[in-house]
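What follows is a single structure, written as structure tokens, with notes after it.
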Amino acid sequence: MFPETKNGYTYEDCKATADWLLAQTDVRPKVGIVCGSGLGGLADMLKNQVAFNYKDIPNFPQSTVHGHAGRLVFGTLKGRPCVCMQGRFHLYEGYSIQKITLPIRIFKLLGVETVMLTNAAGGLNQDFKVGDIMIIKDHLNMPGFAGNNPLSGPNDERFGVRFPCMSDAYDRELQQMAMDVGQELGYGDFLKEGVYCVLGGPSFETVAESRMLHKLGADAVGMSTAPEVIVARHCGMRVFALSLITNQVVMEYDSAEKANHEEVLQTGKERAEQLERLVSTMVTKIDQKLAFSIVV
Ligand SMILES: O=P(O)(O)O[C@@H]1C[C@H](O)[C@@H](CO)O1
């Protein structure tokens, strides 16, 4: 009924999934949120929820990673209509890069204008501490260097152009808004900004790899987000993204530290409330801005 094409899904497939969802909820989301590992509590903040298990949504992959619940939640966040992925997909789960980014195109066809992404990441910047929240200002898309880009394959102009610009991928106004909201909320000590580097995972980095990434200009390393950002920008949505620094990446051979997913989830739990407050406050401000720009 919803066949996967060689290079992912067609526009019609995405539209069929979006229409299927829209037929079952009155919520018309303007903001789409993607929750990172252990950060799914954001979705629980939505009121008047209409939630779908991924397994029930036509075309959707299944979440296979602990800390990713596998639910698409529609609802209102402080009165603003939103849709939230409680769990995302990763390359290392064995899905194609087109498949892990499919929900972003569905966001677009649901009417979403702004995408907010969160992730858990390891800190490479020596000034970062576990628990810091890093506003992402740019990315290094390592799978893309090797030809694994979500836009590979035939381009459908209904989504966007063949060669989209990425030098402005992360919306600068939203980055400034996050800084301002963070200051208002008293997060000055742990709110940082930096460059996120995506690797394929699931193995964590060796010492040599971590040192190389740091030298290349990465402040944090993870296994997601950049492909979603590319797809969101390709189809014209604004993007804001942040990393929760859940662990310090091991950069010394004599370190006793060992990266592990349990620490990632534990740090998520400890910072969840502050992260949720930052994102939800931003949603109200984004919504005011949209309303304002329609009035003037
Ligand atoms: O979905 P995100 O990018 O938050 O998940 C990170 C990367 C791996 O999936 C996992 C490693 O602990 O957390």
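Remember, it's 1-based here, ligands and their atoms both numbered in the order they're listed. Worth saying up front: this structure is predicted, and the values here are computed from it rather than measured. Values below: all heavy atoms of this structure, side chains included; hydrogens, waters and symmetry mates excluded.
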Under 4.0 Å between a Lys/Arg side-chain N and an Asp/Glu carboxylate O for Lys99 and Glu93?
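Salt bridge absent between Lys99 and Glu93.
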
Any Lys/Arg nitrogen of Arg172 or Asp168 sitting under 4.0 Å from an Asp/Glu carboxylate oxygen of the other?
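A salt bridge is absent here (no side-chain N lies under 4.0 Å from a carboxylate O).
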
Any N or O on [X] sitting closer than 3.5 Å to an N or O of ligand 1?
{"X": "Ser224", "answer": "yes"}
{"X": "Thr225", "answer": "no"}
{"X": "His90", "answer": "yes"}
{"X": "Ser37", "answer": "yes"}
{"X": "Ala120", "answer": "yes"}

Quick one: does NZ or CZ of Arg105 land under 6.0 Å from the six-membered ring centre of Phe159, within 45 degrees of the ring axis?
yes

Taking the six-membered ring of Phe190 as reference, does the NZ or CZ atom of Arg271 fall below 6.0 Å from its centre and within a 45° cone about the axis?
yes

Atoms of ligand 1 close to [X] [distance to a heavy atom under 4.0 angstrom, numbered from 1]:
{"X": "Asn119", "answer": "3 (O), 4 (O)"}
{"X": "His68", "answer": "1 (O)"}
{"X": "Tyr92", "answer": "8 (C), 9 (O)"}

Drop me the distance from Ile100's CD1 to His90's NE2, to the nearest 0.5 angstrom.
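Atom-to-atom, Ile100:CD1 and His90:NE2 are 8.0 Å apart.
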
Any idea which protein heavy atom is nearest atom 7 (C) of ligand 1, and the distance to it?
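Checked against all protein heavy atoms, atom 7 (C) of ligand 1 sits closest to Met223 CB, 3.7 Å.
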
Atom 11 (C) of ligand 1: nearest protein contact (heavy atom, Å):
His261 ND1, 3.5 Å

With heavy-atom distances below 4.5 Å as the criterion, would you say the side chains of [X] and [Y] are in contact?
{"X": "Met142", "Y": "Leu213", "value": "yes"}
{"X": "Val115", "Y": "Arg238", "value": "no"}
{"X": "Phe89", "Y": "Pro227", "value": "no"}

Heavy-atom pairs closer than 4.0 Å: do any link ligand 1 to the side chain of Val264, the backbone, both, or neither?
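Side chain only; the backbone of Val264 stays clear of ligand 1.
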
